[in-house]
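Below, chain A is the first sequence line, B the second, and so on; all start at residue 1.
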Protein chains: 2
Amino acid sequence: MPHTYEYPRPALAVDCAVLGFDEGDLKVLLIKRGLEPFKGKWALPGGFVRLDESLDVAARRELAEETGLTHVFLEQLYTFGEVKRDPRGRTVSVAYFALVKLGEQQVQAATDAQAAQWFSAEQAPALAFDHARILETALGRLRNKVRYVPIGFELLPRKFTLTQLQHLYEAILGRALDKRNFRKKALALGVLEATKEQEQDVAHRAARLYRFDEETYAKLVKKGFNFEL
Amino acid sequence: MPHTYEYPRPALAVDCAVLGFDEGDLKVLLIKRGLEPFKGKWALPGGFVRLDESLDVAARRELAEETGLTHVFLEQLYTFGEVKRDPRGRTVSVAYFALVKLGEQQVQAATDAQAAQWFSAEQAPALAFDHARILETALGRLRNKVRYVPIGFELLPRKFTLTQLQHLYEAILGRALDKRNFRKKALALGVLEATKEQEQDVAHRAARLYRFDEETYAKLVKKGFNFEL
DNA sequence: CCATAATAGTGTAGTAGAAACACTAAGGAG
DNA sequence: CTCCTTAGTGTTTCTACTACACTATTATGG
């Protein structure tokens with residue numbers, strides 16, 4: 001069946017706000033644009049959607065092409081469709097929100113990106129298009145979501161200490177948390193499994209390493225638990 | 001500056017999941033399609049985005065054109081972009097979520113809709129395209145959102161009784177609530193203003209009418225209050 | 001090897017909010 | 001004036017959140 005609708009169409013892009021956590025604060029992954037417009041400026045990785053791929057697939061493809069990242073946590077964020085947001089002409093962008101375990105994969109620029117680099121998310125450089133707004137939206141989503149869903153584990157290595165987890169939450173929420181209360185609550189969720197291992201190469205008492213137990217988590221979700229932390 | 005990207009583009013549509021509340025349960029506004037594909041089937045109101053209008057504007061325009069509704073609460077919901085979701089060819093749809101105060105406006109079908117009609121949201125008829133999934137997503141958003149934001153007032157007349165409010169929350173959350181606790185909590189929010197009026201034409205003790213005080217609400221939001229109910 | 005520095009790890013008491021629960025008040029209908 | 005229907009109201013119990021300070025362990029450096 002042919003399309004009966006024959007008006008001109010906006011271009012359709014995907015852009016990814018990729019967040020990581022390191023050295024006590026949130027990072028965002030930016031690429032340096034190799035093409036006009038905004039050539040030489042920092043931007044979120046992204047590109048145009050092809051006819052034969054879904055939006056999710058397009059987002060993963062662009063992310064892999066421009067930064068080398070694969071197998072990251074990815075979900076749709078918001079669709080930005082102001083008329084003048086792209087100087088080339090009408091372009092609608094479906095923004096995605098990605099979380100990566102920093103240190104497990106190296107990023108490498110490719111295709112039309114000159115460079116890919118992590119920046120502090122709170123003080124990123126000026127961005128191309130309306131990407132600053134997309135980034136703001138992503139940080140807001142993270143702040144909200146982390147209160148109800150144990151999503152923070154997507155930002156930590158597979159094994160982590162409770163102090164690392166606490167620092168992550170403090171960075172996301174922007175305020176200090178009480179150590180004893182935090183540990184009590186975190187363990188009470190029932191999705192942290194203590195390993196027999198400890199932190200290595202530290203100049204003080206070594207902390208126990210925990211891992212996030214996805215199986216237990218999945219079971220609890222089915223029972224309707226919610227996971228405020 | 002010309003577009004450098006010249007691949008074929010998906011068509012871009014908006015669709016609105018319009019929810020209302022009446023007779024103790026949630027309703028959704030559907031239109032009967034006047035054109036192929038799915039001619040004669042029920043669907044969410046929606047249509048294609050024009051080059052000179054933002055997504056929000058497109059959603060309001062289509063809603064007004066097909067159902068006559070204006071000045072409704074409207075926010076973006078999710079963007080649906082599976083490859084095969086439209087038999088005419090690749091079409092991406094930005095879905096919107098609308099809440100209307102039922103009884104304040106009459107709906108009337110127009111343009112390419114043969115009819116516009118309210119249905120029970122939980123047991124709507126079979127829908128065109130992937131609109132059933134969009135409706136599910138909208139109901140989920142409502143259920144979630146209503147727990148943190150006093151959004152329910154968008155679904156009630158300007159003046160309402162506490163019992164009406166409670167029934168609304170019960171319909172959204174799908175469970176019974178305790179009357180005394182509910183009233184205590186609702187009033188404790190500080191955004192309900194008692195009017196001097198009462199319910200009319202009821203065959204029993206008349207209930208006091210309240211109204212939602214948007215000004216107080218705006219002030220409290222600024223102070224960072226949250227509004228679980 | 002002893003002292004120091006750094007972070008890990010732990011419990012309790014007080015307070016505030018959530019949940020459970022049943023009767024009296026008011027008004028219209030017959 | 002009786003009955004039916006819904007409005008409106010407090011208290012107690014239990015649970016969850018908050019505030020708060022010391023001991024334990026390990027590496028380092030004198």
### Message
Tell me which pairs pass salt bridge (charged side-chain N to carboxylate O under 4.0 Å, His left out) where either residue lies in residues 183-205 of chain B, with sequence neighbours left out.
### Response
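The answer is Lys159(B)-Glu197(B), Glu193(B)-Arg211(B).
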### Message
Could you check whether any side-chain heavy atom of Thr161(B) comes within less than 4.5 Å of a side-chain heavy atom of Tyr210(B), counting everything from C-beta outward?
### Response
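Thr161(B) does not reach Tyr210(B) side chain to side chain.
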### Task
Let me know which of Tyr148(A), Phe153(A), Tyr217(A) forms a ring-ring contact (aromatic ring centres under 6.0 Å, His included) with Phe227(A).
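The residue from Tyr148(A), Phe153(A), Tyr217(A) that satisfies ring-ring contact (aromatic ring centres under 6.0 Å, His included) with Phe227(A) turns out to be Tyr217(A).
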### Query
Does a distance-only test, which skips hydrogens and angles, find a donor-acceptor pair under 3.5 Å between the side chain of Arg205(A) and the base of dA8(C)?
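When only heavy-atom distances are counted, Arg205(A) does reach the base of dA8(C) through a donor-acceptor pair under 3.5 Å.
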Whole angstroms only, please: what is the [atom1]-[atom2] distance between [X] and [N]?
X	N	atom1	atom2	result
Lys179(B)	dA22(C)	NZ	P	14 Å
Lys184(B)	dC21(C)	NZ	C1'	10 Å
Gln166(A)	dG9(C)	CD	C1'	12 Å
Arg208(A)	dT25(D)	CZ	C1'	14 Å
Glu197(A)	dA8(C)	CD	C1'	17 Å
Lys185(A)	dT15(D)	NZ	P	18 Å
Arg183(B)	dT6(D)	CZ	P	14 Å
Glu228(B)	dA16(D)	CD	C1'	13 Å

### Query
Nearest nucleotide by nearest heavy atom, which residue falls closer to the 5' end of DNA chain D, His204(B) or Tyr210(B)?
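Its nucleotide being nearer the 5' end, the pick is His204(B).
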#### Entry: Given DNA chain D, 5'-ward residue of the pair Arg180(B) and Ala203(A), judged by closest heavy atom
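This one resolves to Arg180(B).
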### Message
Of the listed nucleotides (dA8(C), dG8(D), dG11(C)), which one gets closest to any side-chain atom of Ala207(A)?
### Response
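It is dA8(C).
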### Message
Applying side-chain contact (heavy atoms from CB on, under 4.5 Å) to Val107(A) and Trp118(A), what does each step give before you reach the verdict?
### Response
CA-CA 9 Å; Val107(A) 302; Trp118(A) 291 98; 3.6 Å; yes
### Message
At 4.0 Å (heavy atoms only), tell me whether Thr163(A) reaches a base, stays on the sugar-phosphate, or touches nothing.
### Response
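Sugar-phosphate contact only - Thr163(A) comes under 4.0 Å of backbone atoms but never of a base.
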